[in-house]
Amino acid sequence: MASSGFSWKLEDHPKLPKGKIVAVVVLDGWGEANPDRYNCIHVAETPTMDSLKKGTPEKWRLVRAHGTAVGLPTEDDMGNSEVGHNALGAGRIYAQGAKLVDFALASGKIYEGEGFKYIKECFDTGTLHLIGLLSDGGVHSRLDQLQACASENGAKRIRVHILTDGRDVLDGSSVGFVETLEKCLSDLWGKGVDAQIASGGGRILISWYELYNVGCFLQNDWDVVKRGWDAHVLGVAPYKFRSALEAVKKLREELKTNDQYLPPFVIVDESGKPVGPIVDGDAVVTFNFRADRMVMIAKALEYEDFDKFDRVHFPKIHFAGMLQYDGELKLPSHYLVSPPEIERTSGEYLVHNGVRTFACSETVKFGHVTFFWNGNRSGYFNPEMEEYVEIPSDSGITFNVQPKMKALEIAEKARDVILDRKFHQVRVNLPNSDMVGHTGDIEATVVACKAADEAVKGRPTLFRPTHLGFAVDYAVMVIEGGHRVVTIVKEEMILDSIEQVGGIYVVTADHGNAEDMVKRDKAGQPLLDKNGNIQILTSHTLQPVPIAIGGPGLVPGVRFRSDVPDGGLANVAATVMNLHGFEAPSDYEPSLIEVVNK
Ligand SMILES: O=C(O)[C@H](O)COP(=O)(O)O
Ligand SMILES: [Mn+2]
Ligand SMILES: [Mn+2]
C-alpha cells in the first residue's frame with residue numbers, strides 16, 4: 001500500500017469542524033411517494049419525519065435508491081438493503097451481484113471459472129442440485145439466471161430445490177414461476193437431461209439470515225435451516241407431492257398460507273420415493289447471488305465440523321455458491337462468480353482518521369448496518385474504535401404481530417451512547433417500515449411507521465403521578481384545572497439527545513417499501529385481482545428516499561447543494577465524512593452538502 005502512495009489519511013474539510021457527534025439514522029424501507037391510503041408513511045402519524053421535511057431544500061431532499069444508482073442492472077430494479085447499505089457505506093456505486101452474474105452468463109465466463117469446473121467434476125456420475133429463491137424480484141436471485149444455469153451446462157441430471165418468494169414479488173406468483181421453471185426443465189428432457197424440481201418451501205420457513213459475526217450475541221434460527229436441510233438434502237418433509245406445481249397450488253389453497261410461508265415439501269416418484277435427495281458424488285449450487293439468506297445453509301453444506309443441528313447425513317459433494325457469500329470466512333470456498341470487491345469504505349477511512357463509531361440495530365437488520373455498510377465485511381476494522389450492538393429481534397412471529405419491533409430499544413441504546421459522548425458516529429437502522437411492510441399488513445405497517453418515527457426523535461407520553469419514578473429527568477409537571485396533576489414524560493430519543501450534546505444528525509433510508517403497499521397500473525391506479533381485491537405489494541419499491549440533516553452542531557451555512565440533482569445513496573458517505581470534518585476521497589461520489597457564508 002505504502003509503495004503505491006496510498007494513505008488512509010483524509011484531508012481536513014476547510015470549513016467543517018471535527019469531533020462533533022453525528023447520528024446516522026437509516027429508516028429501513030422508507031421511501032417518498034404520493035400520499036394516498038396505501039402510503040402507510042403518509043397515513044401514519046410521523047411528526048418527526050414531517051418536521052424534517054419542512055427543511056426542504058436546504059436540509060431535506062430526496063436521493064435515488066434503486067436501479068443503476070445502487071449498481072443494479074436496470075432502472076426497473078427496486079432497491080434493497082444489501083445494495084442500499086453498500087452504497088451508503090462505500091460512497092461509490094459497485095456493479096452488484098445481479099449485474100455481475102448477468103455479465104458472467106452473457107459472456108460465458110461463468111463456465112470458464114474455477115467454481116464451475118469444480119462442480120462439473122460431478123456431472124458424469126452425479127446430479128447437479130440448484131438451491132435458491134424462485135423469483136424474478138432481483139433482490140436475492142433471478143429466475144432467468146436460474147434458467148440459464150440449468151440449461152446447457154453439461155449436467156445429465158438436475159434437481160432444483162425452490163424457495164418460494166411472495167416478498168420481493170406478489171404473493172401467488174410462485175405458481176407462475178414454478179410453471180416457467182417446469183417448462184424449462186421439461187425442455188431439457190428433450191435434450192437428454194433428466195431435470196426436475198425436487199423439493200421446496202417458503203423462503204421464511206427454510207432459509208434464514210446469518211448475521212455477521214462481530215463477537216456479539218447472534219440470534220440465528222438454525223431450526224429454520226434444518227427444515228431446509230431435511231427437505232433439500234435428506235428428502236424429508238411433512239408434505240409430499242408428485243409435482244411442484246401441485247405442491248404450491250395445494251399448499252396455498254389448503255393451508256390458506258402465502259408464498260413466503262409455504263411449509264417444506266418434497267417431490268416423490270410413483271413409489272413415494274423422494275426424487276432428489278443430495279447424495280455422495282453430487283454437485284450443489286446455491287443460486288442466490290445475495291448472501292444473507294444463503295450463508296447458514298452454505299455453512300451446513302460446506303463445513304465438515306458442524307454442530308448447529310444434526311445433519312443426519314453429510315453427503316460428500318462439490319458445493320459452490322453463485323457468489324462467495326462471506327469474503328472473510330471465504331464461504332463458500334468455491335463460487336461461480338466473484339462478488340463485488342468493495343474496498344476503502346467510509347467506515348474504514350473514518351476509523352483510520354480517529355472517528356469512533358457505534359452501530360446498532362436489531363437482529364434482522366444488524367448485518368445491514370454493519371456487514372453491508374462495511375462493504376460485506378464481517379467484524380470490526382478496529383475493535384478499540386468501534387462497537388456494534390445487536391438487539392435480539394422477536395423470533396417465531398411475523399412482524400405484523402409486533403410492528404413496533406425493537407425500535408424503541410434501538411433508539412434508547414443510541415440515545416444512551418450519544419449522551420455518553422464516547423463515539424463520534426452513532427449509526428442505527430430502524431427496521432419497522434421494511435419488515436412490517438413485507439408482511440403486506442397495511443394496518444400494522446402504519447403502526448410500524450409511527451413507531452420508527454417516534455424512535456427517531458422521541459414522544460411526549462402522559463403518565464399519572466404514580467409513575468413518576470420513570471424517566472423523571474425529562475418530566476414536566478402540568479397542573480390541570482388546579483387539581484389534577486398530569487406528568488408529561490418526554491421519552492428522549494435520537495434527535496433529542498443530539499440536541500443535548502450539540503451534535504449533528506443525518507436521517508435517511510435505504511430503499512422504499514412502506515410508502516406504497518399496492519401494485520399499480522401504469523397510471524398509478526391500484527390494480528385489482530380477479531376477485532376485485534387490491535393486489536398487496538409486499539416488496540420494496542422504485543421510489544427515492546429522503547435525507548435530512550440538522551442539529552445544533554451543524555455549522556451555519558451548511559446546506560444541500562443544488563448541483564447534484566441525481567444524487568443517490570452513494571453520495572451519502574462523502575456527506576457524512578464532511579460532517580465529521582473531513583474531505584471524502586476523490587473517487588467517492590460527491591458530497592450532497594456545501595457550506596455557504598452566512
Ligand atoms: O430478504 C428479504 O427480507 C427481502 O427479500 C429483502 O429485504 P431487505 O433487502 O430489506 O433485507
Ligand atoms: Mn432495507
Ligand atoms: Mn426489505
Side-chain angles (χ1 to χ4, degrees), residues 25-31 40-41 65-66 70-72 77-89 96-98 132-143 163-171 173-174 202-212 221 224 258-261 288-297 325 361-373 376 393 398-400 405 407 427-441 445 448-449 452 508-517 537-543 545 569 572:
V25 180
V26 180
L27 292 153
D28 211 293
W30 187 289
C40 293
I41 295 171
H66 79 286
V70 285
L72 294 172
D77 289 304
M78 61 192 157
N80 68 70
S81 290
E82 176 188 43
V83 300
H85 285 81
N86 279 172
L88 284 166
Q96 288 285 353
L133 188 69
L134 184 67
S135 172
D136 66 3
V139 173
H140 296 269
S141 63
R142 277 213 333 259
L143 176 59
L163 304 170
T164 52
D165 186 349
R167 190 170 171 94
D168 299 331
V169 290
L170 288 187
D171 180 44
S173 56
S174 61
R203 56 139 80 191
I204 302 295
L205 284 177
I206 53 181
S207 90
W208 197 239
Y209 302 100
E210 169 81 278
L211 291 148
Y212 304 93
D221 195 344
V224 171
N258 55 34
D259 291 347
Q260 296 195 52
Y261 309 111
N288 284 19
F289 40 74
R290 176 161 150 178
D292 54 356
R293 291 189 182 271
M294 286 286 115
V295 165
M296 291 165 82
I297 189 86
Y325 299 131
S361 189
E362 62 176 279
T363 305
V364 291
K365 297 291 176 189
F366 175 68
H368 300 47
V369 79
T370 54
F371 177 90
F372 287 151
W373 188 279
N376 305 339
S393 288
T398 54
F399 288 106
N400 52 334
M405 300 182 66
R427 188 169 76 230
V428 299
N429 175 303
L430 297 170
N432 310 60
S433 38
D434 183 62
M435 294 304 284
V436 186
H438 280 308
T439 68
D441 181 334
T445 307
C449 295
T508 189
D510 60 340
H511 52 74
N513 183 337
E515 79 287 358
D516 199 4
M517 297 291 289
L537 192 73
T538 52
S539 70
H540 300 166
T541 68
L542 303 175
Q543 295 301 124
V545 299
L569 294 179
V572 174

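Note that these values count all heavy atoms, side chains included, but never hydrogens, waters or copies made by symmetry. Numbers here are sequence positions counted from 1. For ligands, and for the atoms within them, numbers begin at 1 and follow the listed sequence. Quick caveat: nothing in here was measured; it's all calculated off a predicted structure.
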State the atoms of ligand 1, each with its element, that fall below the 4.0 Å cut-off from a heavy-atom position in [X].
X	answer
Asp168	4 (C), 5 (O), 6 (C)
Lys365	8 (P), 10 (O), 11 (O)
Asp28	10 (O)
Ser81	8 (P), 9 (O), 10 (O), 11 (O)

- line: Looking only at heavy atoms, the pair that brings Thr439 and Phe399 closest together is CG2-N, 4.0 Å
task: Using a strict cut-off of less than 4.0 Å between a Lys/Arg side-chain nitrogen and an Asp/Glu carboxylate oxygen, indicate whether Arg290 and Asp168 qualify as a salt bridge.
output: no
At under 4.0 Å between heavy atoms, which part of [X] makes contact with ligand 1: side chain, backbone, both or neither?
X	result
Asp434	side chain
Arg290	side chain
Gln260	neither

Backbone or side chain, does any N or O of [X] fall under 3.5 Å from an N or O of ligand 1?
X	value
Arg203	yes
Asp292	no
Arg293	yes
Asp510	no

- prompt: Does the side chain of Gln96 pick up a donor-acceptor pair with the side chain of Asn86 at under 3.5 Å?
  reply: yes
- prompt: Which is closest to atom 6 (C) of ligand 1 in terms of heavy atoms, His540, His511, Arg167?
  reply: His540
- request: Taking the Mn ion (ligand 2) as the reference point, name the nearest N/O/S atom of Asp510.
  value: OD2
field: Distance filter under 2.8 Å, centred on the Mn ion (ligand 3) - protein N, O or S atoms that pass it
entry: Asp434 OD1, Asp434 OD2, His438 NE2, His540 NE2
field: Among Glu515, Met78, His66, the one residue meeting side chain to side chain contact (heavy atoms under 4.5 Å, CB included) with Thr541
entry: Glu515
